[in-house]
Novice: 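Below is one structure. I have some questions about it.
The figures that follow rest on heavy atoms only: side chains count, while hydrogens, waters and symmetry mates do not. Quick caveat: nothing in here was measured; it's all calculated off a predicted structure.
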Amino acid sequence: MIFFAILAVVFTVAMAIGLAWSFFVVYPMQIGSCGFFIKNTREAPSIIEIFRGFQVSYKRNVVTMIWDTVNTFLWSLLCIIPGIIKAYEYAMIPYILAENPEISTQDAFAWSRDMMRGNKFRLFKLELSFIGWIFLSLFTFGIGALFLAPYMAAASAEFY
């Protein structure tokens, strides 16, 4: 019985560390990489762009991305389909935050909703077009993902 208690504590601590890592490191890096790929559509960006999510409006970036995650999760509790629809509706939030550093959380959500109105299925088709490449990268034991992930991110930035 004590083994399961220790296992539960270890699992809880690991989950808390993982969430903290996602919230405070991964989300700002995601916003920075979105900014990098947006800038890449116009000019050659510096690698420093990836860390821009830490430098500009860090607190707002983290709060907005956490709210995005919680909101999508809550919609997913209704059923899977509303959660997927909301995920596509809020898909442009990291790009909006990267391009408009001083925008409020509510405005970022509103802009993303407006941008994705009528475009959710287009984004779905874009992401579905990578399914063959994803399977091919699985055959290389993930090595192909090193090349596929930036390609998909650049395509998403072009969609934005």
Side-chain angles (χ1 to χ4, degrees), residues 15-135 137-138 144-160:
M15 197 164 173
I17 291 170
L19 283 174
W21 177 260
S22 290
F23 291 164
F24 302 115
V25 177
V26 173
Y27 287 160
M29 291 283 288
Q30 180 184 6
I31 292 167
S33 69
C34 289
F36 176 86
F37 284 108
I38 289 171
K39 199 172 218 181
N40 191 44
T41 62
R42 297 182 299 261
E43 61 190 66
S46 169
I47 197 72
I48 302 300
E49 286 293 321
I50 294 174
F51 301 103
R52 189 137 192 173
F54 293 105
Q55 298 167 345
V56 180
S57 303
Y58 174 77
K59 182 180 175 187
R60 185 208 25 96
N61 289 342
V62 170
V63 167
T64 304
M65 293 303 290
I66 288 172
W67 184 242
D68 176 28
T69 302
V70 168
N71 204 359
T72 304
F73 172 73
L74 292 175
W75 275 99
S76 296
L77 290 178
L78 291 174
C79 190
I80 299 298
I81 302 301
I84 293 171
I85 291 171
K86 286 298 177 180
Y88 278 102
E89 189 171 292
Y90 301 144
M92 295 297 123
I93 287 177
Y95 296 98
I96 293 168
L97 293 174
E99 200 168 47
N100 306 292
E102 299 307 319
I103 193 169
S104 70
T105 299
Q106 294 84 8
D107 288 342
F109 275 86
W111 283 20
S112 184
R113 273 193 300 273
D114 290 342
M115 288 175 74
M116 293 306 290
R117 190 171 293 124
N119 292 315
K120 292 180 206 73
F121 190 66
R122 287 183 59 221
L123 181 59
F124 175 74
K125 289 189 304 187
L126 174 68
E127 291 176 350
L128 193 62
S129 71
F130 293 112
I131 195 79
W133 289 109
I134 292 168
F135 283 128
S137 72
L138 291 175
L146 293 173
F147 304 102
L148 181 60
Y151 179 54
M152 291 174 65
S156 294
E158 287 290 334
F159 180 84
Y160 169 76

Novice: Who pairs with Asp107 by side chain to side chain donor-acceptor pair (under 3.5 Å), at least two apart in sequence or on another chain?
Specialist: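 Checked Asp107 against side chain to side chain donor-acceptor pair (under 3.5 Å); matches are Ser104.
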
Novice: Taking all heavy atoms of Pro94 and all of Ala91, pick out the closest pair and write down the distance.
Specialist: CD-O, 3.5 Å

Novice: Looking at side-chain heavy atoms only, is the closest gap between Leu123 and Met92 below 4.5 Å?
Specialist: yes

Novice: Does the side chain of Asn71 come within less than 4.5 Å of Lys86's, by heavy atoms?
Specialist: no

Novice: Write down the atom of Met115, the atom of Asn119, and the distance for their closest heavy-atom approach.
Specialist: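 Closest approach of Met115 to Asn119: O-ND2, 2.8 Å.
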
Novice: For the pair Arg60 and Leu97, evaluate side-chain contact (heavy atoms from CB on, under 4.5 Å) and give the outcome as yes or no after the intermediate values.
Specialist: CA-CA 9 Å; Arg60 185 208 25 96; Leu97 293 174; 2.5 Å; yes

Novice: For residues 68-104, pull every pair meeting ring pair (Phe, Tyr, Trp, His ring centres under 6.0 Å), keeping only residues two or more places apart or in separate chains.
Specialist: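 Output for this query lists Tyr90-Phe109, Tyr95-Tyr160.
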
Novice: If you measure from NZ on Lys39 to SG on Cys34, what distance do you get to the nearest 0.5 Å?
Specialist: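 Going from the NZ atom of Lys39 to the SG atom of Cys34 covers 14.5 Å.
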
Novice: Between Asn61 (side chain) and Val56 (backbone), is there a donor-acceptor pair under 3.5 Å?
Specialist: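 Yes, Asn61 side chain to Val56 backbone: donor-acceptor pair under 3.5 Å.
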
Novice: What do you reckon, is OH of Tyr151 surrounded by more than 12 foreign heavy atoms closer than 6.0 Å?
Specialist: no

Novice: Going by heavy atoms in the side chains, are Asp68 and Thr72 under 4.5 Å from each other?
Specialist: yes

Novice: Looking only at non-hydrogen atoms, find the nearest pair between Ser76 and Gly83 and report the distance.
Specialist: OG-CA, 3.3 Å

Novice: What closest approach, in Å, do Phe23 and Pro28 show between heavy atoms, and which atom pair accounts for it?
Specialist: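 Reported closest heavy-atom pair: O-CD, 3.7 Å.
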
Novice: Supply the atom-to-atom distance Ile31 CD1 to Tyr58 OH, rounded to the nearest 0.5 angstrom.
Specialist: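 Here the interatomic distance stands at 10.0 Å.
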
Novice: Look at atom CZ of Phe51 and say whether more than 12 heavy atoms of other residues, nucleotides or ligands are closer to it than 6.0 Å.
Specialist: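 It does not: Phe51 CZ has 12 such atoms or fewer within range.
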
Novice: Considering all heavy atoms of both residues, which atom of Ile96 and which atom of Ala108 are nearest to each other, and what is their separation?
Specialist: CD1-O, 3.7 Å

Novice: What residue pairs, at least two apart or across chains, pass side chain to side chain donor-acceptor pair (under 3.5 Å) with a residue in residues 16-35?
Specialist: Tyr27-Thr69

Novice: Can you name the side chain to side chain donor-acceptor pair (under 3.5 Å) partners of Arg42, sequence neighbours left out?
Specialist: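 Here no residue qualifies.
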
Novice: Taking salt bridge (charged side-chain N to carboxylate O under 4.0 Å, His left out) as the definition, give me every residue that meets it alongside Glu158, ordered by chain and number, with sequence neighbours left out.
Specialist: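 Applying salt bridge (charged side-chain N to carboxylate O under 4.0 Å, His left out) to Glu158 gives none.
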
Novice: Mind checking side chain to side chain donor-acceptor pair (under 3.5 Å) for Asn100 and listing every partner two or more places apart, or none if nothing turns up?
Specialist: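 If we apply the side chain to side chain donor-acceptor pair (under 3.5 Å) test to Asn100, skipping adjacent residues, there are no hits.
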
Novice: Looking at Arg122, I'd like to know if its CZ atom is crowded, meaning that more than 12 non-hydrogen atoms belonging to other residues, nucleotides or ligands lie closer than 6.0 Å.
Specialist: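 Not more than 12 within 6.0 Å, no.
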
Novice: In sequence, state the C-alpha distance, the side-chain angles, and the governing distance for Met65 and Ile93, and then conclude on side-chain contact (heavy atoms from CB on, under 4.5 Å).
Specialist: CA-CA 8 Å; Met65 293 303 290; Ile93 287 177; 4.1 Å; yes

Novice: What distance separates Thr64 OG1 from Gln106 CD, expressed to the nearest 0.5 Å?
Specialist: 8.0 Å

Novice: So which heavy atom on Ala145 is nearest to which on Ser137, and how close?
Specialist: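 Between these two residues, the closest heavy atoms are N-CB, 3.6 Å.
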
Novice: Under 4.5 Å between any side-chain heavy atoms of Phe37 and Pro45, yes or no?
Specialist: no

